[in-house]
*Asks:* 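Before I ask anything, let me first share the structure, which is written out below as structure tokens.
Counting starts at 1 for both ligands and their atoms, in listed order. Heavy atoms only: backbone and side chains are in, while hydrogens, waters and symmetry mates are out.
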Amino acid sequence: MTSNTLSVPAVALGTWAWGDSGEAGDGYFGSRLSESGLREVVDKALSNGFTLWDTAVAYGMGRSEKALGQALEGYDRSSYALSTKFTPQLAGDGDDPVADLLEQSLDRMGTDYVDLYWIHNAADVARWTPPLIPLLESGRIKHVGVSNHNLAEIALADRILGEAGFRVEAVQNHFSLLYRASERAGILDHCRKHDVPFFSYMVLEQGALTGRYNPANPLPEGSSRADVYNGVLHRLQALTDRMGALGAERGASAADIATAWAIAKGTTPIIGVTKAAYIDGLVRARAIELTDAEIAELEALADTADVDTRGWWEQEM
Ligand SMILES: NC(=O)c1ccc[n+]([C@@H]2O[C@H](COP(=O)([O-])OP(=O)(O)OC[C@H]3O[C@@H](n4cnc5c(N)ncnc54)[C@H](OP(=O)(O)O)[C@@H]3O)[C@@H](O)[C@H]2O)c1
């Protein structure tokens, strides 16, 4: 990644669950992650060309950024790219809350710049977009993206940045077989038309679309994701079975098919990786080409499941 062109790998790596690790583990994801396990994820990802890491101050209130920085220690800073977020709801009351939160993120990750800095949500676009401009000018951030923004909000952020010669260089929204609001709202088309990379998050619906979890083997009890998905896993069975079958034809898994679907839709999936073995799935997914008929069949099965997986933090698009 250079400072003037945002280069985007086929798949980006998500680390929300990494905020679960450490002393305060077993929170949102109920995942048991160890420092050495995460180091293994990093080693395998980088050696396979997956170099873009997505995190946020909000993930484990800094623990994800810290764990990511530690896991990347020793690698040349130019061999990977960091993507983190300004979360308006966490803004302090200093003169420049955006710069303050950025500095704290940089400190936790042990670096002096962020490759891709996101406004986490559209709480107040007119207020939170302008403070990004001096950070772009100083090189503390190389590129700016907006997350959980609708079309009008993307356009407003773009206008504000445009006045200073910058632009919204990436969009990040929830986009999965089960949740295609950004496609229906025209955001995917907008990004295609303006050559703005669209990053899709929760492509695997936090594990519910991997085929690994089902009513007999639900998501970890007591975790927030279990509360969201365990009650609907039975409705996803026909879809995940078909994804599993399409995967088996290609020596791949249901999860790989979900990732390949997001790539086929012209997006860059951000996949939450918790185990080194999951990197093998990304290598397979990146090579899978789904046919139009397969895509249509999967989307029809997803529609039949009729579950609404919009996150509590998301607005209608
Ligand atoms: N901008 C935003 O508001 C926003 C919101 C949500 C997420 N995000 C970003 O998007 C990333 C992805 O979302 P997410 O992590 O919430 O969920 P996700 O990618 O939909 O699912 C991740 C979970 O799926 C399982 N998994 C991953 N790869 C697998 C594989 N190959 N085979 C089987 N299971 C697999 C893991 O669960 P187990 O560990 O249980 O196996 C993992 O925790 C986040 O990490 C974050 O960076 C952004």
*Asks:* Going by the atom numbers of ligand 1, which of them fall below 4.0 Å from some non-hydrogen atom of Lys85?
*Replies:* 1 (N)
*Asks:* State whether the shortest distance between N or O atoms of Asp256 and N or O atoms of ligand 1 falls below 3.5 angstrom.
*Replies:* no
*Asks:* Counting only nitrogen or oxygen atoms and a 3.5 angstrom limit, does Gly281 reach ligand 1?
*Replies:* no
*Asks:* In terms of residue, atom name and distance, what is the protein heavy atom nearest to atom 15 (O) of ligand 1?
*Replies:* Gly272 CA, 3.5 Å
*Asks:* Going by the closest heavy atom to atom 32 (N) of ligand 1, which one wins out of Tyr278, Tyr213, Tyr201?
*Replies:* Tyr278
*Asks:* Judged by atom type as modelled, is there a donor-acceptor pair below 3.5 Å linking the side chain of Ser31 to the main-chain atoms of Leu33?
*Replies:* no
*Asks:* Would you call Thr15 a ligand 1 contact, heavy-atom distance under 4.0 Å?
*Replies:* yes
*Asks:* Please state which part of Trp313 comes within less than 4.0 Å of ligand 1, counting heavy atoms only: side chain, backbone, both or neither.
*Replies:* side chain
*Asks:* Has ligand 1 got any nitrogen or oxygen that is less than 3.5 angstrom from a nitrogen or oxygen of Leu204?
*Replies:* yes
*Asks:* Return the CH2 to CG distance between Trp16 and Asp54, rounded to the nearest 0.5 Å.
*Replies:* 11.5 Å
*Asks:* Could you list which atoms of ligand 1 come closer than 4.0 Å to a heavy atom of Gly207?
*Replies:* 21 (O), 23 (C), 24 (O)
*Asks:* Under a 4.0 Å heavy-atom limit, does Val203 contact ligand 1 with its side chain, its backbone, both, or neither?
*Replies:* backbone
*Asks:* Between Thr309 (side chain only) and Tyr179 (backbone N and O only), is there a donor and an acceptor less than 3.5 Å apart?
*Replies:* no
*Asks:* Report the part of Met202 in contact with ligand 1, treating N, CA, C, O as backbone and CB onward as side chain, heavy atoms under 4.0 Å; options are side chain, backbone, both, neither.
*Replies:* both
*Asks:* Cationic tip of Arg140 within the cone over Tyr117's six-membered ring, i.e. under 6.0 Å and within 45° of the normal?
*Replies:* no
*Asks:* So is Trp16 polar-close to ligand 1, meaning N/O to N/O under 3.5 Å?
*Replies:* yes
*Asks:* Has His174 got any heavy atom lying under 4.0 angstrom from an atom of ligand 1?
*Replies:* no
*Asks:* Less than 6.0 angstrom separating the ring centers of Trp18 and Phe29, yes or no?
*Replies:* no
*Asks:* Under 4.0 angstrom from ligand 1, any heavy atom of Tyr59?
*Replies:* yes
*Asks:* Quick one: does Thr55 get an N or O within less than 3.5 Å of an N or O on ligand 1?
*Replies:* no
*Asks:* Please state which protein non-hydrogen atom is closest to atom 39 (O) of ligand 1 and give its distance, to 0.1 Å?
*Replies:* Thr274 OG1, 2.7 Å
*Asks:* Of the backbone atoms (N, CA, C, O) and the side-chain heavy atoms from C-beta on, which set of Arg212 has a member under 4.0 Å from an atom of ligand 1: side chain, backbone, both, or neither?
*Replies:* side chain
*Asks:* If you round to the nearest 0.5 Å, how far is CZ of Arg235 from OH of Tyr229?
*Replies:* 13.5 Å
*Asks:* Compute the minimum heavy-atom distance from Gly14 to ligand 1 and say whether it is under 4.0 Å.
*Replies:* yes
*Asks:* Give the atoms of ligand 1, by number and element, whose distance to some non-hydrogen atom of Ala255 is under 4.0 Å.
*Replies:* 30 (C), 31 (N), 32 (N)
*Asks:* What closest approach, in Å, do Pro269 and Val203 show between heavy atoms, and which atom pair accounts for it?
*Replies:* CB-CG2, 3.9 Å
*Asks:* Identify, by atom number and element, the atoms of ligand 1 in contact range of Lys275, meaning under 4.0 Å from any of its heavy atoms.
*Replies:* 38 (P), 39 (O), 41 (O)
*Asks:* State the atoms of ligand 1, each with its element, that fall below the 4.0 Å cut-off from a heavy-atom position in Glu205.
*Replies:* 20 (O)
*Asks:* Measure Arg225 to ligand 1 on non-hydrogen atoms and call it side chain, backbone, both or neither using the 4.0 Å cut-off.
*Replies:* side chain
